[in-house]
Every structure is written in structure tokens, then in C-alpha cells.
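Since the structure comes first, as C-alpha cells, the remarks are kept for the end.
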There are 2 protein chains.
Amino acid sequence: MSKSKRLMELMMTVNRKKKFTVKELASEFDVSTRTILRDLQELSELGVPLYSEVGPHGGYQVLNERILPPIAFTEEEAVAIFFACHALRHYAYLPFETESSSALSKFYFYMSGDVRDRIDEMKNRIDFVIPSRQAKFPYLSILLDGAIRQKVIRIEYESREGVSTRLIQPVGIYASSGLWYCPAYCFLREDIRLFRCDRIKSAEEDTSGTQPLNLRHLHLGNREALLPSEQEFTSLYVELTEEGVHRCEAEHWSATKLHRREDGTGWLEGSLPKGDIPFLAQFFIGLGADATVQHPPELIDNIKRRLAEMMARYV
Amino acid sequence: MSKSKRLMELMMTVNRKKKFTVKELASEFDVSTRTILRDLQELSELGVPLYSEVGPHGGYQVLNERILPPIAFTEEEAVAIFFACHALRHYAYLPFETESSSALSKFYFYMSGDVRDRIDEMKNRIDFVIPSRQAKFPYLSILLDGAIRQKVIRIEYESREGVSTRLIQPVGIYASSGLWYCPAYCFLREDIRLFRCDRIKSAEEDTSGTQPLNLRHLHLGNREALLPSEQEFTSLYVELTEEGVHRCEAEHWSATKLHRREDGTGWLEGSLPKGDIPFLAQFFIGLGADATVQHPPELIDNIKRRLAEMMARYV
DNA sequence: GTATTTGTGACAATAGTTGTCACTATTATA
DNA sequence: TATAATAGTGACAACTATTGTCACAAATAC
């Protein structure tokens, strides 16, 4: 095996093992220990953060910030990655350190001038707009970590009724139109709840010893289907114009209930937790003439009441 | 210079030059032509798409699908890139070939098992939600290309009045809540207009010889400020609750007009093209009790009329 | 004290790289 | 048609890098 190839494989091996002895690697790669020592020194010079201790039970260790073996990308791939990272820059808060800028400068350095120019030209000609918000989301990484390792997190949450302290077990986090949300099991309500992350005023791993539930099977992809809910349901039917269909497409709660006709119009049909009626009433009012609610009557009544209140304000 | 270093630099040089002779490189790198020939063969084996022609005016060429020299990323960077690309997968239509998946599999291959596991765990625990739409956007790359090279594009555009053929000169394209938009100079209206890309029914480079205008200085970052507009304006004042402030943050037209108070409430104040009144009336109706329009009277009248119409439908 | 481990230096054996030279083949162009 | 420019190959010697071996130093757990 050529030296360079061995170095790359060595890099992957030490990244995998994280702790190892020189002898071990020597027999694995079928070279002498002297060669492995020389190789490890080279890896170290290449930036792999190696650390060694002498003596029995000693050996080598690779520290956290590991580096991957060099990868050759095509320019097309580099451009795609560049714009993927570019799209993320609208998020002021992210749950992981945004190392993307250092990654981008590496790409930028190795790109030839004309691709660089092409990217510079494109940067101002294409955008992925995300509403930028005032809200602050300082606890995303704690919540995400809680979701991954299935830990119980103690949060202070600000709801309409004021600030309360709760224990939650996060299912995951997601961003939608500039806001972060965290679906989680709430030990206070004893059910899955959706928390808005900007209303979480503090978050830390729970130390009181509350046992996490076994919710590993629950994740962002399936939480809606699995949600056990004791809420009272009623059925919904709403007639939509073409524009109404467009507006409903953008709301993720309505996507599954949406049906389309050939001519572009459509309707919403499905079941509906009664607790959502106030929200839906306001939503359909916002659609104006593009949505006509036909069922349930409670929803229609709520809409009428709201319309009357608004009329009263503008007399 | 060591051989490996020379190979990397050679890779960058051939990417930059695109066309070159062996002799040229030999003198540039101060090695014999025989060595350069051997090096080029190695590059070829590494995947650089080289092509050569003998004879005078012959030489080497590197074909389009160029590859970058291998780059070493840290695992943190790899994770960040991974999720940036992950976020883009919600876009069914993109203006460039989405080579990101091949890039991701390269990363995936070189990552050690535990980081791979970490990413697998994260994949289902974090998401960047973009509304998924039925609409089709087949002409994004033509529009983006038109914006970059400042070309005139002939489109068929479907508006309320039916399908019309227009010549436009794109400023750029952007995605917002699942839809793509293209601000462009419209040769028909002789002004900048915003086109919704799913309503563009065909697009091709214009061949009739219409001269493109000099709009290079216009791009997505500044187009709003530079827009000359002959519309009639009136002033707007809207009182907002805390929730109303939140909802207005998400709309990019209102972000510049939004003012906040200490207690979280706020107001909208600014000028307003009269043509936007119907849109705004519907928007503020959607905000319900969270917005109270105080000016202009035309807007209030329009809101009242709409409320009355809706009341009538739900009698 | 001993076994285990990293670590260094020297040197010879081995393997890889480079330059030179002789030669082939193709092609544009004078 | 001859000539010059270009890629390309093979052989070999000179040079350079890599490797293994060995001797030895130093730290440390048990």
C-alpha cells in the first residue's frame, strides 16, 4: 500500500477507534511500529488532534475536534454545498455551532477563479428567504441534545397564563417561517405538547432524577401519527378557491386535509380537535372570500362572532 | 516541492487554465516534461477529466466537470454542511442540479461510525420546514442564468387576465415559503415587476434582438431601495398587539414599517402604494383583534366592505 | 523492579520519483 | 511534401523518500 493511502486509512481508523496503541496499528496495517510512529506524527502535523500517554494503559487518543480525510468534490457539488450553507445564514439561531463559514472558506480557497466569480455573481441573484425575527432562541442545542439522548429537560415556559416551570422530554426541534418549535412530552400535562422555543426562558438538564420515558421511536417524521390524544374531535369541511388552495398548501396542519380539483379549486376535509376552533376561525377569516366553511357549525359561529367584533371596532 | 503538493497545485492550475501544454506546465513547475506527463496521468486516474490533442495548437484541456483538490474538513464542519444540504431537500425545484446528495454520500463515507450515528439520530430530530407545494417551477435555471448573464428572456405568463407573452430581464430569483419569485424588468410594463415562477408557463432566451438594459447594479439585496415607482402613495398606521407584532415580523413587506414598544406591542407606520390596499385589507382581517387599522380611511372602508361580504356568506 | 508504552536517532535496505534520451505518432501549416 | 509542434512510451541511471531494525531513553502502572 502506498504511504499516502495508508495515511488516509490510518486517519479513518484513528477517528473510528479514538483510543489505540502504536503496536495495535502496526499489526493492523502490517508495518513496523517505527513507521506508525512516523505516520502519527505526520497526521498530527496535518491537523489531527492526537494526544499520547506513556506507560501501561497508556497509548494514543484523538481529541474531540476530529478531522476527516481529505475529500475531493466536483465543482458542481461545491456550488450546491455553497448555496445550501448560504440558505442557512438567515437563521440567526442554530442548534449546532455554525462551522459552515469556515467550511465555505476552504471551498472558496480551492475553487478556480471563474467558479469563484460565478458564485459571487449568484450570491446576489438567488436567495432562500426566511422571515427574520426579533425572537431569541438560546436553548436550541440543549433541546436538540435532549431529543437525541432522550433526556429530561427542566424549562421555564412563558404561556398566556404566565411563566411556569416544567419538565419535558423533547422529541425534536424544527424551524418554520423563522420560528423554532419543540414538540416534547410534557410531564406536567402528561402528553405531547408543542413548545415555541422563544417562549422558553431557561433550559437545563433535569437533576431531580425524573426517569425519561421510552419515546425513542417517536421522532419528527412520525410524531403526528403516533400522538395519543384524548381531545374531542369534530369533522371539518371547507370549500376553497384556487387561491385558497395555494394559501392552505403553505400551512402544514392543513396539507394532509387538502384535496384538489382539476380546475385548481379544492376543499379541506378531515377531523379537527375542538380546541383548535379559535385558531381556525381566525385563519379562515384571513382567507376571506377564498374559503367558505361548511362544517362544523361551532366553527361557523366562532367566525361570525369574530367578524361581528371586528365590524364593531371599525364603526 | 514534494510530489503530492505538486499534484495538488497542478490540479488547481489546470482547473484555472482549462487549456495548456505540457511544456508550459513543465517550466512553470520547474520539472521535466516527462514528470508532468506522468503527473497528468495520475490526475486523470484521480478523476480529473483531462483530454489531449496532438499537433500544433493541440495540448491538454480539462472538461467541464472539474474536481477540486481534496479538502480536509473537521467533523463539525461536515455536520454543519450535512444539515445545510438536509434543509434544501424540501425544495422540490432548485435552479441548479442538486449534486448535494452525491456530496453528502462522500461525507458520509469518510465519517467515523459514531458521527454517522449522531447524524442519523439528528436527521429525525431536527428539521427546517418549508411548505411543500403542488406548483411546478421548471424554468428556475433559465431565469437565474438570465439574471447572472443579464439576458433578455421571453416568457409566457399567466396572470388574472390570462396568458400573455412578455420579455423580461431577471434581477434574480428567490424562494419564500415554498414558492419561487422572480423580480425582473418587464419590457411590456417598462418597470420592475415581481413574477411568480409557477405562473411562468414557458421561458427561453430571447432571439428577437431586444437589447438588455444595464441593470447589473440591481440585485436581490438592493432592488427594493432602487425601484423607481410612479404609484400613488398614502400613509399607513396600524396598532398591533404583541401577537400582531409577531405575525407582522413574518411578512417581509412589513418588516421595515414595524415599530416595537417595551411591552411587546407595537405599530406599523409608513407609506403604502394605493394599489396594495385590497391585499392589505385581507391581511389585516387575518390578524383579527391583533391589528387595528387607524389610517388610511380607504383601507378601513375596504376592510369593512370585506367583513360585510363575509358576514353575508355565513348568515 | 518489571513490563508496558511512547519516543528518538542512526543506518542500511528497499521502494518510489525524476530527468534524460531515444523513439513513435499525429496534425496544422508553410 | 517537409517541418515544427505537440502528445506519448519505454528504458535506465541518478536521486530521494520510505521503511525496518536495532539500540536506547523516559515515563508509569502495578
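Lettering of chains follows the sequences in order, A, B, ..., and the numbering in each one begins at 1. The model shown is predicted, which means the values in this text are computed figures rather than measured ones.
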Ring-ring centroid check [X] [Y], cutoff 6.0 Å:
X: B/F187; Y: B/Y185; answer: yes
X: B/Y157; Y: B/F195; answer: yes
X: A/F73; Y: A/F82; answer: no

Next on the checklist: Applying a 4.0 Å non-hydrogen cut-off, can you work out what A/G58 is touching in the nucleic acid: base, sugar-phosphate, or nothing?
Outcome noted: nothing

Item to check | Per-nucleotide protein contact string for nucleotides 19-30 of chain C, where B marks a base within reach and S marks sugar-phosphate only (heavy atoms under 4.0 Å, - for neither) | outcome: BB-----BBBS-

To the nearest angstrom, how far is [X] atom [atom1] from [N] atom [atom2]?
X: A/D39; N: D/dA17; atom1: CG; atom2: C1'; result: 13 Å
X: A/Q61; N: C/dT5; atom1: CD; atom2: C1'; result: 14 Å
X: B/E42; N: D/dT9; atom1: CD; atom2: P; result: 14 Å
X: A/L50; N: C/dT5; atom1: CG; atom2: P; result: 18 Å
X: B/L40; N: D/dT6; atom1: CG; atom2: C1'; result: 13 Å

Next on the checklist: Donor-acceptor pair, distance only, cut-off 3.5 Å: does the side chain of A/E77 make one with the backbone of A/T74?
Outcome noted: yes

Checklist entry - Within the side chain of B/R66, is there an N or O that forms a donor-acceptor pair under 3.5 Å with the backbone of B/V48? => result no

Checklist entry - Any idea how A/F96 and B/F83 line up, ring-wise: parallel (<30°), tilted (30 to 60°), or perpendicular (>60°)? => result tilted

Next on the checklist: Can you list everything that forms a side-chain contact (heavy atoms from CB on, under 4.5 Å) with B/L88? Sequence neighbours excluded, please.
Outcome noted: A/A84, A/A87, A/F128, B/Y91, B/L94

Next on the checklist: Under 4.0 Å, heavy atom to any atom of DNA chain C: which of residues 2-29 of chain A qualify?
Outcome noted: A/T21, A/V22

Checklist entry - Does the distance from a Lys or Arg side-chain N to an Asp or Glu carboxylate O, for B/D120 and B/R116, drop under 4.0 Å? => result no

Checklist entry - Pick the nucleotide of DNA chain C nearest each of B/M1 and A/L37; which residue has the one closer to the 5' end? => result A/L37

